[in-house]
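Report on the following structure.
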Number of protein chains: 2
Amino acid sequence: MVRAGLSTARLVQAGAELADEVGFDQVTVSALARRFDVKVASLYSHVKNSHDLKTRIALLALEELADRGAAALAGRAGRDALTALANVYRDYAREHPGRYAAAQFRLDPQAAAASAGARHSQMTRAILRGYDLAEPDQTHAVRLLGSVFRGYVDLESSGGFSHSAPDSQETWSRILDALDTLLRNWPAP
Amino acid sequence: MVRAGLSTARLVQAGAELADEVGFDQVTVSALARRFDVKVASLYSHVKNSHDLKTRIALLALEELADRGAAALAGRAGRDALTALANVYRDYAREHPGRYAAAQFRLDPQAAAASAGARHSQMTRAILRGYDLAEPDQTHAVRLLGSVFRGYVDLESSGGFSHSAPDSQETWSRILDALDTLLRNWPAP
DNA sequence: GCCTTTGCCTAAACCCCTTAGGCAAATAAT
DNA sequence: ATTATTTGCCTAAGGGGTTTAGGCAAAGGC
């Protein structure tokens, strides 16, 4: 009987691919077992349970996103950096909808602490080096940018902006313009 | 044999309450049947299937939110209106986390068209009457506000802003300040 | 070549979803 | 008031997904 060569890493990788194909919440231990042509119970030596599997896929997606973000930010500043990072999130969500959904999986504090979450906020904060913001405004701005990226990408992917003019791409550029302007003229309390 | 008095409306209402108690994705036909002390199959005369149930809960939440929004906007303009509507979303998410999650349930075009979705964008657009924005900037601004509301509330409820200074309430006010400023000084292309 | 570890399996229990068909309560017709 | 009809909830049954316990055989260490 030839072995399938399962491992936690391979399961998580395949789970991420499966997510992109059928949606993150259709990622199931059973579906994954089918994909490896293996009995369901066999996966339980490599993954604690279904929740554990999803958590690992989420962590993978967060790392991938952080890697792309870091690459995009390298050598850029100001508006350039802002646009680059924003597009990383938006493009990733378009290319890998399942993984992007996974990245929003609610992690328990345990997993959240071990995630690339901190890298993400650091990247956003790095963008603000190109603007003149002291604390606590810097943190407010980090949170605003995070909210816009997340909110816009969610709404766009759920079809909120399709079938109506102007097209989403134009709004996206104009919103990034607006944020750039806002960061350069951040209002005093 | 005394009847339980089921109806679609009662099921949806109870489903919404259940969602707030245990989370929207824990809302299941079985759990709802238990709550009415009735056999699972009995629900299928009132609700097509699990997806239909969730869709109806989502529609309920969207209506409730729109009603609250309309009430909050009445008699307000400008920054006041902006703050009022923004707080409707944030407060609703805090008071009714399950319903709020339901409101983000991906509706099929069918259901989306029959939902209060249009009311929501109209309310946001109404806020902009207090600012001087012509199309297409008005639409860009509507989408920006929608993104911020959605993104901020999501991130906050997933714990993204807890355990770190400054506290979330302060950031929220400052972000609304910033948006108000931005809308009054919307940059030309 | 033997032994230990590891990997995948079978078996079984539990929960959720959904459909088909039946009986009885509530409601309408006579 | 009695009958006829509709409606509401039930039992039965099949199909998945999750998870644990325990077994056999393949890989790898000696």
Side-chain angles (χ1 to χ4, degrees), chain A residues 1-60 98-99 101-102 105-108 110-111, chain B residues 1-60 98-99 101-102 105-108 110-111:
Chain A
M1 192 181 293
V2 174
R3 297 194 177 180
L6 303 182
S7 73
T8 303
R10 284 193 66 195
L11 289 180
V12 172
Q13 185 64 40
E17 287 160 17
L18 185 59
D20 285 335
E21 291 166 21
V22 302
F24 182 59
D25 33 41
Q26 311 300 322
V27 172
T28 169
V29 183
S30 301
L32 209 48
R34 274 194 294 276
R35 172 162 290 222
F36 281 95
D37 201 31
V38 137
K39 296 298 171 181
V40 186
S42 306
L43 301 203
Y44 283 81
S45 337
H46 304 281
V47 140
K48 270 221 309 286
N49 51 37
S50 182
H51 184 269
D52 179 43
L53 170 65
K54 290 188 172 179
T55 296
R56 287 175 191 274
I57 296 173
L59 294 176
L60 172 70
R99 284 160 146 96
F105 186 64
R106 251 176 187 56
L107 298 171
D108 38 76
Q110 187 75 12
Chain B
M1 192 181 295
V2 176
R3 296 193 176 179
L6 303 183
S7 74
T8 303
R10 285 195 64 197
L11 288 180
V12 172
Q13 186 63 40
E17 286 160 18
L18 185 59
D20 285 335
E21 291 167 21
V22 303
F24 182 60
D25 33 40
Q26 311 299 322
V27 172
T28 167
V29 183
S30 302
L32 208 49
R34 273 193 295 275
R35 171 162 292 221
F36 280 96
D37 201 31
V38 137
K39 296 298 172 182
V40 186
S42 307
L43 301 203
Y44 283 83
S45 340
H46 305 281
V47 141
K48 272 221 307 286
N49 50 38
S50 182
H51 183 269
D52 180 43
L53 170 65
K54 289 188 172 181
T55 296
R56 288 175 190 276
I57 296 173
L59 293 175
L60 172 70
R99 283 159 145 99
F105 186 64
R106 254 181 186 54
L107 298 171
D108 39 78
Q110 188 74 9

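Throughout, a chain's letter reflects where its sequence line sits, starting with A, and its residues are numbered from 1. Here the structure is a predicted model, which is why all the values come from computation and not from measurement.
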Checklist entry - Given the rule in the side-chain contact (heavy atoms from CB on, under 4.5 Å) test, do B:I57 and B:V27 qualify, once you have shown the distances and angles that lead to the verdict? => result CA-CA 10 Å; B:I57 296 173; B:V27 172; 3.8 Å; yes

Checklist entry - For DNA chain C, which residues in residues 37-51 of chain B have a heavy atom at a distance below 4.0 Å? => result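 Close to the strand are B:V40, B:A41, B:Y44, B:N49, B:S50.
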
Checklist entry - Hey, can you pull the residues of residues 6-28 of chain B with a non-hydrogen atom under 4.0 angstrom from DNA chain C? => result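 Contacts with DNA chain C under 4.0 Å: B:T28.
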
[X] versus [Y], closest heavy-atom pair with distance:
| X | Y | answer |
| --- | --- | --- |
| A:T8 | A:H46 | OG1-O, 2.7 Å |
| A:F24 | A:A101 | CB-CB, 3.8 Å |
| B:D20 | B:G98 | OD1-N, 2.9 Å |
| B:L32 | B:L11 | CD2-O, 3.6 Å |

Checklist entry - Taking the side chain as C-beta and beyond, is there a heavy-atom pair between A:R35 and A:E21 under 4.5 Å? => result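 A:R35 vs A:E21: side chains touch.
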
Checklist entry - With side chains defined as the heavy atoms from C-beta onward, is the minimum distance between A:Q26 and A:L18 less than 4.5 Å? => result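 A:Q26 vs A:L18: side chains apart.
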
Item to check | Distance in angstrom units between B:D52 CG and C:dC17 P, rounded | outcome: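 After rounding, the gap between these two atoms is 13 Å.
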
Next on the checklist: Is it true that, when you exclude B:D37 itself, more than 12 heavy atoms of the residues, nucleotides or ligands shown sit nearer than 6.0 Å to its CG?
Outcome noted: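 Atom CG in B:D37 is not crowded, with 12 or fewer foreign heavy atoms closer than 6.0 Å.
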
Next on the checklist: Looking at D:dG16, I'd like to know if its phosphate oxygens (OP1 or OP2) sit under 4.0 Å from a side-chain N or O belonging to A:R34.
Outcome noted: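 It does not, given that no N or O in the side chain of A:R34 lies less than 4.0 Å from OP1 or OP2 of D:dG16.
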
